[in-house]
Every structure is written in structure tokens, then in C-alpha cells.
Protein chains: 2
Amino acid sequence: MLSIGELSRKTGVKIPTIRYYEQMKLIAAPERSSGNQRRYSKTELDRLGFIKHARDLGLKIEDIRELLTLAAHPEQPCAQANQIAANHLGSVRAKIAQLQRLEAELARMAEGCSSGKIENCYVIESLSNHALCSESH
Amino acid sequence: MLSIGELSRKTGVKIPTIRYYEQMKLIAAPERSSGNQRRYSKTELDRLGFIKHARDLGLKIEDIRELLTLAAHPEQPCAQANQIAANHLGSVRAKIAQLQRLEAELARMAEGCSSGKIENCYVIESLSNHALCSESH
DNA sequence: GCTGTTAGCTATAGAAACTATAGCTTTTAC
DNA sequence: GTAAAAGCTATAGTTTCTATAGCTAACAGC
């Protein structure tokens with residue numbers, strides 16, 4: 001049996017976050033000690049590890065909730081789980097593309113300025129005048 | 001003089017967001033019509049355009065606030081404005097790198113699964129077992 | 001000048017995923 | 001037995017908006 005602090009250390013999930021997940025019903029309310037403190041077993045350790053891993057990959061809580069439900073039904077087809085992963089992959093790729101456009105724009109801004117006075121600052125000017133942008137964003 | 005709706009259409013900033021920026025003091029409280037509706041001039045149009053552009057580039061409100069203050073002092077050196085842009089560029093690059101790691105991991109997960117049953121689903125298995133990951137994330 | 005539609009007003013709550021605080025109690029190690 | 005560390009609940013704050021409710025103003029057509 002693990003205390004909340006031990007669970008936190010083993011999973012890398014912060015204590016208030018564990019309690020938050022309990023409130024959001026991502027994890028079940030665990031047993032309590034005689035003094036009303038939370039006590040966790042291996043089941044919950046594994047489940048929280050799963051959640052942590054999925055969150056690190058940027059999956060949303062609602063997606064994780066669905067994946068956890070799916071994981072609890074091993075006999076069902078896994079097309080849905082794949083769909084969630086594939087969708088997320090799509091949005092990660094979209095975000096990368098978007099950030100790369102911003103990167104180009106910011107690099108142009110930061111490098112185009114010779115650090116003189118504000119009145120000639122290319123950063124400020126670029127922000128004021130969208131026409132200076134090379135691409136859409 | 002523009003109504004809030006016209007200002008919104010011209011800048012692409014939604015009406016509640018304009019009011020929110022006013023509350024946050026990013027833009028000054030504008031004149032009012034006799035019936036208490038907001039009326040904007042070109043000054044505010046330009047300022048809101050600047051804010052929109054900066055937000056589209058992912059800059060935080062507090063950074064934008066600082067850039068606006070800098071822009072109001074054309075005689076001052078622009079090293080600070082460059083610093084803000086350069087810092088942001090750094091964090092955009094870091095985020096891209098992080099997302100590319102996730103992308104690799106998710107692609108491996110999604111492609112590794114042959115869409116059978118949950119019990120053999122590579123997506124679910126990968127999330128359960130961090131050891132299956134190729135790299136750190 | 002009346003009416004109807006569109007636009008705008010304020011104040012408050014909600015979204016997402018936590019994080020921080022206050023004030024109190026339990027556990028644990030010596 | 002006691003002191004320090006850990007845990008408890010409940011509530012509010014973070015960030016950048018977005019949505020809702022209930023009301024009022026502006027404007028176009030008749």
C-alpha cells in the first residue's frame with residue numbers, strides 16, 4: 001500500500017494532480033487509512049502510469065478517459081483506440097507545421113533587427129504591419 | 001468611428017475578446033456613444049491589429065503589454081524588444097522539438113497496431129508500458 | 001413615429017488542466 | 001512522547017478567452 005506521496009514519487013504525477021484526477025474520476029477513490037489518508041495498490045499505480053504517459057504525449061483527459069475504458073475491454077476491437085492515436089498524431093503534425101511557420105516569421109523578425117532604437121525596430125514594425133510578413137500565419 | 005462589431009471584423013478579433021482586452025488594459029477604454037456603446041478610432045484599430053498579430057505569433061499577453069510600452073517610446077533602444085522576440089523564438093523551437101519527439105512516438109504507436117482486438121493493441125500496450133518507447137519524452 | 005431586427009451592454013460562469021493557499025489532522029521516526 | 005513531515009478538505013487562482021442571460025441601443029423600412 002502506497003501513500004499519495006509515494007505514488008506521486010513513483011509516477012512523477014504531483015500530489016494535487018492525483019487528487020484532481022480522482023475528482024475528475026480518472027482514477028477511483030482509493031481505500032483510506034484509519035486516519036482517512038489515501039492508500040493505493042499496484043492497480044492504481046499502473047493506471048496512473050498509463051495516464052501520465054498519455055498526458056506526456058499530449059493526449060487530452062477526455063481521450064485518456066476513453067482509452068482507459070477501451071483498455072478495460074480486451075475482447076473488443078481496437079480500431080477506436082487507433083483512431084484516437086491517429087487523430088492526435090494528426091493534430092500534433094498540424095501544430096508542428098503551424099509552429100514552423102511562426103518560427104520562420106519570428107526568426108526573420110529577430111534577425112532583421114540591428115538593435116538600434118525602437119523607432120527603427122524591425123520587431124515592432126513587423127508586428128504593426130502585417131504586410132511585412134512573408135507567409136500567412 | 002467604428003462600433004465594436006466593425007472593429008472586430010476589421011481586425012479578426014472577436015467581440016468578447018476585445019472587451020476582455022479592455023478589461024485587461026491592453027487597450028484603453030474607448031469613447032462611448034450617447035447610448036453607451038463603444039466607439040473606436042484608427043488609433044485603437046492599429047493597436048488591436050498589433051495585438052492580434054502578436055497573439056497569432058503566440059506571444060503572451062504580458063509580453064505584448066511590454067512590446068506595446070516599448071513601441072510607445074521610439075527614442076529608446078530596442079534591445080529589449082529583440083530579447084522578447086528572441087526568447088519567444090527559443091521557446092517555439094523547443095516546442096517544435098518536443099512535438100517532433102511526440103510525433104515519432106505516436107506514429108510508431110499508431111502504425112504498429114494492426115487494428116485487431118484491444119488485448120493485442122499496440123496503442124494501449126505502449127501507453128501501459130513506457131519501456132516500449134524508443135526515446136525519452 | 002413605429003416596429004422589427006441586428007448589434008451592443010454588463011455581470012457572471014465555464015472551459016482545461018492544473019496549482020496554490022489556509023487551516024487543520026495523521027503518520028512516522030527518534 | 002513529541003516534533004517534523006506528510007496528508008486532509010475546501011476554496012480560489014492561473015491563462016486566455018468563450019458562453020450565457022437578461023437587458024438596451026441603433027438603424028432600416030414603412
Identify each donor-acceptor pair in which a side-chain atom of residues 11-19 of chain A lies under 3.5 Å from a protein atom, sequence neighbours left out, and give them as a table.
from, atom 1, to, atom 2, distance (Å)
Thr11(A), OG1, Leu7(A), O, 2.8
Thr11(A), OG1, Val13(A), N, 3.2

* **Thr17(B) vs Arg39(A), nearer the 5' end of DNA chain D by closest nucleotide** => Arg39(A)

* Asked: Counting only N and O atoms by type, is there a donor-acceptor contact under 3.5 Å from the side chain of Ser126(A) to the main-chain atoms of Tyr122(A)?
  ->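 Checked: pair present.
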
* Asked: Would you find a donor on one side and an acceptor on the other, under 3.5 Å apart, between the side chain of Arg65(B) and the backbone of Met24(B)?
  ->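 Yes.
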
* Selection from dG8(C), dT19(C), dT27(C) that lies nearest to any side-chain heavy atom of Ser33(A) ->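 Nearest nucleotide to the side chain: dT27(C).
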
* Candidates dC9(C), dA17(C), dT26(C) - which lies nearest the side chain of Lys60(A) -> dA17(C)

* To do: Using the heavy-atom set of chain A and a strict 4.0 Å cut-off, write down the first and last nucleotide of DNA chain D that makes it in, 5' to 3'.
  => dG7(D) to dT9(D)

Take the protein atom [atom1] of [X] and the nucleotide atom [atom2] of [N], then report the distance between them rounded to whole Å.
X	N	atom1	atom2	result
Ile15(A)	dA17(C)	CD1	C1'	18 Å
Glu62(A)	dA16(C)	CD	P	8 Å
Met1(B)	dG8(C)	CE	C1'	17 Å
Glu22(A)	dA17(C)	CD	P	18 Å

* Looking for any heavy atom pair under 4.0 Å, which part of the strands does Arg55(B) touch: base, sugar-phosphate only, or nothing? ->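 The answer is sugar-phosphate, as Arg55(B) gets under 4.0 Å only of primed atoms, P, OP1 or OP2.
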
* Asked: Which part of the nucleic acid, if any, lies within reach of Arg32(B) when heavy atoms closer than 4.0 Å are counted: base, sugar-phosphate only, or nothing?
  -> sugar-phosphate

* To do: Scan Gln80(B), Lys60(B), Gln83(B) and name whichever one has a side-chain hydrogen bond (donor to acceptor under 3.5 Å, both in side chains) with Glu66(B).
  =>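 Checked Gln80(B), Lys60(B), Gln83(B) against Glu66(B); only one passes side-chain hydrogen bond (donor to acceptor under 3.5 Å, both in side chains): Gln80(B).
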
* Are Arg9(B) and Glu6(B) close enough for a salt bridge, meaning some N to O gap below 4.0 Å? -> no

* Find which nucleotide of DNA chain C each of Asn36(A) and Tyr20(A) is nearest to by heavy atoms, and output the residue with the more 5' nucleotide. =>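 First, find each residue's nearest nucleotide; the 5'-ward one identifies Tyr20(A).
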
* Is there a side-chain polar atom (N or O) of Arg38(B) under 4.0 Å from OP1 or OP2 of dC9(C)? -> yes

* **Ser128(A) and Glu125(A) side chains, donor-acceptor separation under 3.5 Å** =>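 Distance-only check fails for Glu125(A) and Ser128(A).
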
